[in-house]
Each structure stands twice: as C-alpha cells, then as structure tokens.
Trainee: 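I'd like to ask you about the structure that follows.
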Amino acid sequence: MNLREDWQFRGLVHQTTDDTVLDRLSAGGLTGYIGFDPTAPSLHLGSLMQICLLRRLQLAGNRPIALAGGGTGLIGDPSFKDAERPLLDAERLAANVEGIREQLSRFLDFSPSAGASRALLLNNADWLTTISLTDFLRDVGKHFTVNQMIAKEAVRSRLERDDVGLSFTEFSYMLLQAYDFLRLHQDHDCTLQLGGSDQWGNIVSGVELVRKVTGHSVHAITSPLLVNADGKKMGKSEGTSQRVWLDASLTSPFAMHQYLLNTDDASTPSRLRCFTFLSHDEIRELDESLVSAPQERRAQRALADAVVTFIHGEEAARAAQRAADALFSETISDLDETTLLAVVADAPSSSWSREELAHGVEATQLLVRCGLAKSLGEARRFIEQGGVYVNNRRLEPDPDVTIDLSRALHDRYLVVRRGRRELHLVVAA
RNA sequence: GGGUCGGUGCCCGAGCGGCCAAUGGGAUCUGGCUGUAAACCAGACGGCUUUGCCUACGGGGGUUCAAAUCCCUCCCGGCCCA
C-alpha cells in the first residue's frame, strides 16, 4: 500500500499542481508544509484534516513542517471570507501561536530518531516581521500583477460585493503566504504545500513565486473541505455552536466524543477516511455496517473512539464511552458514588451549600446558576417545553417546581441535564 | 476632501412618527418520530418581580404628547468624483 493509493482511497486529494507529486511522496524523502492560523489559542476539529495529512506524510517517510502563522495572523486571510476581519493584537496572537505549537508538537514525531523525516515546527513571524517593506515590495511584490491577484476566486466575491470592501491589508495576504513558501523552499528544501481547497489560490501564488525567484518547480496539493450533511463546515458543536477544540480544557474529551458519535450517516464514511488511520478493510466493513445496521452506529463509534484516542489518548476515549453509556441508559441512579463521579467527570460542576439545597431551590434559578440557561425566562421555557432532566428523569413541565435534596443521589449529587446533551453536576457541600 | 447610499435583534433583511420588542427568511434551542443520526412535524427564540414594566433599531443631542421612523452632529462602511 503506497501513499498514492491510500490517499486516493481516502479521498484526501482535491487538486494538485502535478499529479506525479503523489508518486514522489509515496517514495518518501520530500519535505511538505501546512500553515495553521493562530486565530485562537487552540486548534479545533476543522484543522484535524491538516494534522492528519502531515502525519500521513511523515508515516510515508517524508518530512512534515507545521507552520504556525504568527506573521500571517497579523494580517488575516481573506480567502472566501465575506467580510473584513478584526485584527488580532500582537500579544493575543503570540499566546495563540504558543498554544498551537504545543498542540502540534503532540501529533508529529519531532524526535531525532525520526531522522530525515523528523518533523519541524516553524513560525512565519520569524521572517515576516523582520523583512523590510521595501525589500518585500521589490523581492516579492514585483513578481505579482494586481491583474492576477484580483482574478483569484478566493477574493472575487469581496470585490464584487457592493456592501463590503477588501482592504489592501487583507488583499496582500496571498503575497505573505507565497513568501512563506519561498522561504521554506530556500531554507528547508520544502517542495510541497498542502492545505484545504480554499487555500488553492494562496498556495499556487507561492508555487509561482518560487518558480520565478529560483526557477525550481514546487507543488501544491489541496484536500476537499469536509462539510456536514447540512452543508456547513464541520467542527461546531451541537450544544453551544461553539467550535470543537482540541484543547481538553476548552472542549472535554467527552464532548468531542459525543460530537463525533452524532455524525450523520452520510458524512461518516468520509470522516473515517480523513480523520482516522484505520485500515482500508476496517473502513469498508464500517461502511457496510452503516447500511446493514445503521441503528448500531458502529461506524460513528469507531470514528469517535479513533479520533479521541488520537487527540486525548486511549484512557480518555474509554472514559467518554463509559460516560455516554451511563448517561444515556438511565441507569444513573443505580451507579455507586465512585462510578457516578467518573461518569460525569467531564461535565461542568458546581458546589452548593447543603442548607440551601435542603431548603429547596427553584428549578429556574438552578438552571441559570448552572449555566444551562442564560436567563430565568429561558429556563422557564426549557422547563415548560419538557427539556429539563434531573438524574435523567424529566422534570414536570411546571416552571415553579423546586429542587431539593430528596432528589439527590447519594444524598449529594444532582445530575442536571438540559435537552439531549447539556449536562451539569450539582454537588451539595 | 466632495457627492451619494447605507448602519435594525445571532446573521440576512422589512419597517420609515403612535397599532413595534419590531413582518419574513436563515441559524439556534426544546419537544415528537427515530438510532443520543439525517429528513420531517410542532413550538420557542431581548430581560424581568410577566394582563404589566424595563432595555433595544451605529454614538450623542434635539423636535414631538409620542421617534427605529423627523432634524443636527459624530463615528463606521459601500459606491462615484477629486
């Protein structure tokens, strides 16, 4: 099984500048890079494709470079964005870059024993913030015509719209990314850039720059953008429509596991291919299970287990499974205290005074203070709509109900749930 | 700098002096059916001490019994001109 066959099976390739680059990657010994935007202090599931690509590259004997966009982040990529984005300040950006570096370092092999395929982690702030403006315009800008630049699909909608514009700052972004490729080529012999299909324009700008400056031909591979069945980019969690972060303190392993477990049937085969390292046979078998026994959701389970294991480790994946089993099977009141705590370990929790709880707390108050409702009005609605559960038992739809210790498990715990999957653990101190 | 059009709730977008917490669509949320999916159906969707009150229609000021709606001014954006 070589890389070309594997990537084709998995559907990882959308476009290439030169199809034969896949054969050279299969042979190993190439250096390829992917850039990561430091728009937040953590990467999220939307970047998982890219992370996996670098890893696949490395597993096939090539050298991966993960490039943190500490410099490009100062500008902001306008590609396919429908509005100008607010600039991040340098401090926040530096913190974000640090967070991302730390995460990337976990997914690739940076040890000397990796030899020629030892991974590299760089930050483009190192060269983008030090080059002088005039040097940049003479050495980089001179190689581009505005005519080509405005023809790019990625910025076209912004140029055509009559309600928003495109600032020169964002417009310049593609030159910075092109310069990255040039530097990586010159300094690290990098001859390949990968990215999502929305990056095609930026990447080929780099390919052209390298050719014009050095005469060398370097290459681009883009991967398809994965969207959910509803057509939106994936990676936003159900409950809060927040992103699903890779940082366990931002998105618990349990929440991530749940997110993946809820992947719709139609999207599951492509997710298994892009986000896991399961064998082709295993994947085909899981495809089959989606048809023969969809209600078992074996494919979704395999996906969730594989991804959570990859990102948070086996123990976290197992814990997430256990928690899900208990929480959705209504056996929660039978659990002993230790198991109960293990099961809800991932959920947010709060400590309450025993006297207050013994006296009884209005359910609406409880929901707001647990963060499960934004206002008393919203809490009232949830209760009236029958969307609130205590210890997995639905609360009667009366907005005036009070909760007291008589409902508590082990005389201390109240597992409060809103809707299908928003949880909070109340502990009587 | 000049001209012109515009800034409405999470987003898009109606409203253009009282009947407006503001039509409609999308997103989101809850429930139902299922498989903790998808699709579909129903409901909700500023806040509160909820037959009412408060806060909101870019910011500030004004006219009026009454303003998202009129006037002044400032800020921000698009387009055209210089």
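Reckoned from all heavy atoms, side chains included, excluding hydrogens, waters and symmetry mates. In what follows, chains are A, B, ... by sequence order, proteins preceding strands, each numbered from 1.
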Trainee: Salt-bridge test for Glu384(A) and Arg381(A): reply yes if a basic N is under 4.0 Å from a carboxylate O, no otherwise.
Mentor: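 Answer for the salt bridge query: no.
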Trainee: Round to a whole Å and report the spacing from CG of Asn262(A) to C1' of rA38(B).
Mentor: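 Distance, rounded to whole Å: 11 Å.
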Trainee: Please state the C1' separation for the pair rA82(B) and rU73(B) - nearest whole angstrom.
Mentor: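 My reading of the C1' atoms in rA82(B) and rU73(B) gives 25 Å.
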Trainee: Between rC11(B) and rG46(B), how far apart are the two P atoms, rounded to whole Å?
Mentor: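 rC11(B) and rG46(B) have their P atoms separated by 14 Å.
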Trainee: To the nearest Å, give me how far apart CZ (Arg381(A)) and P (rU28(B)) are.
Mentor: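 For the pair Arg381(A) CZ and rU28(B) P, the rounded distance is 16 Å.
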Trainee: Compare the minimum distances between each of rG35(B), rU30(B), rG32(B) and the side chain of Arg418(A), then state the nucleotide with the smallest one.
Mentor: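 My answer, after comparing the listed nucleotides, is rU30(B).
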Trainee: Please state how far atom CZ in Arg417(A) lies from atom P in rU36(B), giving the value in whole angstrom units.
Mentor: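 After rounding, the reported distance stands at 11 Å.
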Trainee: Distance check, C1' atoms only: rU23(B) and rA37(B), in whole angstrom units.
Mentor: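 Roughly 34 Å separates the two C1' atoms.
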Trainee: What do you reckon, is CD of Gln8(A) surrounded by more than 12 foreign heavy atoms closer than 6.0 Å?
Mentor: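 Yes - once you tally the heavy atoms of other residues, nucleotides and ligands closer than 6.0 Å, there are more than 12.
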Trainee: Roughly how far apart are Phe277(A) CZ and Cys52(A) SG, rounded to 0.5 Å?
Mentor: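 Answer for the CZ-SG pair, Phe277(A) versus Cys52(A), is 4.0 Å.
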Trainee: Suppose we define a pair by two distances each less than 3.5 Å, Watson-Crick or G-U wobble; what does rA27(B) pair with here?
Mentor: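 No nucleotide pairs with rA27(B).
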Trainee: In the strands shown, is rC40(B) matched to any nucleotide by a Watson-Crick or G-U wobble pair with both distances under 3.5 Å, and which?
Mentor: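 Paired with rC40(B), as far as the under-3.5 Å criterion goes, is rG32(B).
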Trainee: What integer number of Å spans the P atoms of rC70(B) and rG18(B)?
Mentor: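 Taking atom P in both rC70(B) and rG18(B), they lie 11 Å apart.
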Trainee: Taking atom C1' in both rA67(B) and rA22(B), what distance in whole Å separates the two?
Mentor: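 Result for the C1' pair: 13 Å, nearest Å.
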Trainee: Kindly indicate, with the supporting measurements, whether the criterion side chain to side chain donor-acceptor pair (under 3.5 Å) is fulfilled by Asp336(A) and His410(A).
Mentor: CA-CA 8 Å; Asp336(A) 66 61; His410(A) 306 289; over 6 Å; no
Trainee: Taking CG from Asn392(A) and P from rU36(B), how many angstroms apart are they, rounded to a whole number?
Mentor: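 Those two atoms, CG and P, are 13 Å apart.
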Trainee: Which whole number of Å gives the distance between the C1' atom of rC54(B) and that of rC20(B)?
Mentor: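 Going atom to atom, C1' in each nucleotide, I get 16 Å.
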Trainee: Who is the Watson-Crick or G-U wobble partner of rC79(B), with both distances under 3.5 Å?
Mentor: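 Here rC79(B) is engaged in a pair, and the nucleotide opposite it is rG3(B).
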Trainee: If you compare every side-chain N and O of Tyr389(A) against the phosphate oxygens of rG31(B) (OP1, OP2), does one of them come in below 4.0 Å?
Mentor: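 Answer yes for this pair, as a side-chain N or O of Tyr389(A) is under 4.0 Å from OP1 or OP2.
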Trainee: With a 4.0 Å cut-off, would you call Asp264(A) and Arg271(A) a salt bridge?
Mentor: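 Salt bridge flag = no for Arg271(A) with Asp264(A).
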Trainee: Between rA44(B) atom P and Leu376(A) atom CG, what is the distance in whole Å?
Mentor: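 Value for this atom pair: 20 Å.
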Trainee: Of the options rU36(B), rU30(B), rG35(B), whose atoms approach the side-chain atoms of Leu261(A) most closely?
Mentor: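 Nearest nucleotide to the side chain: rU36(B).
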Trainee: Can you measure Asp264(A) atom CG to rU36(B) atom P for me and round it to whole angstrom units?
Mentor: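 The answer, rounded to whole Å, is 15 Å.
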Trainee: Using atom C1' in both nucleotides, what's the gap between rG17(B) and rU63(B) to the nearest angstrom?
Mentor: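 It works out to 11 Å between them.
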Trainee: If each of Ser375(A) and Arg380(A) is mapped to the nucleotide of RNA chain B with the nearest heavy atom, which maps nearer the 5' terminus, i.e. the 5' end?
Mentor: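 Counting from the 5' end, the first nearest nucleotide belongs to Ser375(A).
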Trainee: Could you tell me the Watson-Crick or G-U partner of rU69(B), where both distances fall under 3.5 Å? Say none if there is no partner.
Mentor: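 Because no pair has both required distances under 3.5 Å, rU69(B) counts as unpaired.
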Trainee: Between Gly377(A) and Gln300(A), name the one whose nearest nucleotide on RNA chain B is closer to the 5' end.
Mentor: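 Looking at RNA chain B, the more 5' nearest nucleotide goes with Gln300(A).
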Trainee: Among rA38(B), rG35(B), rU30(B), which is the nearest nucleotide to the side chain of Arg297(A)?
Mentor: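 Among rA38(B), rG35(B), rU30(B), the one nearest the side chain of Arg297(A) is rG35(B).
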Trainee: Closest approach to the side chain of Phe382(A), judged atom by atom: which nucleotide of rG32(B), rU30(B), rC45(B) is it?
Mentor: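 When the side chain of Phe382(A) is considered, rU30(B) is the closest of rG32(B), rU30(B), rC45(B).
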Trainee: How is Gln258(A) classified with respect to the nucleic acid when contacts are heavy atoms under 4.0 Å: base, sugar-phosphate, or nothing?
Mentor: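 Result for Gln258(A) = base.
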Trainee: What interatomic distance, in whole Å, is found between C1' of rG62(B) and the corresponding atom of rU51(B)?
Mentor: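 These two C1' atoms come out 36 Å apart once rounded.
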Trainee: For rU55(B), which nucleotide is its Watson-Crick or G-U wobble mate, given both distances must be under 3.5 Å?
Mentor: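 Base-paired to nothing in any strand shown.
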Trainee: Can Arg284(A) and Asp281(A) be counted as an ion pair, charged N to O under 4.0 angstrom?
Mentor: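 Judged by the 4.0 Å cut-off on N to carboxylate O distance, Arg284(A) and Asp281(A) do form a salt bridge.
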Trainee: So, are Arg211(A) and Glu208(A) salt-bridged, with charged N and O less than 4.0 Å apart?
Mentor: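 Judged by the 4.0 Å cut-off on N to carboxylate O distance, Arg211(A) and Glu208(A) do not form a salt bridge.
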Trainee: Between atom CD in Glu378(A) and atom C1' in rU28(B), what is the gap in whole Å?
Mentor: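 Atom-to-atom, Glu378(A) to rU28(B), this comes out as 10 Å.
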Trainee: Can you measure Leu372(A) atom CG to rC29(B) atom P for me and round it to whole angstrom units?
Mentor: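 Those two atoms, CG and P, are 14 Å apart.
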Trainee: Do Gln385(A) and rG43(B) have a side chain to base donor-acceptor pair shorter than 3.5 Å?
Mentor: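 Such a pair exists between side chain and base.
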Trainee: Taking the side chain of Arg394(A) as heavy atoms from C-beta outward, which of rG35(B), rG47(B), rG32(B) is closest to it?
Mentor: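 For the Arg394(A) side chain, the nearest candidate turns out to be rG32(B).
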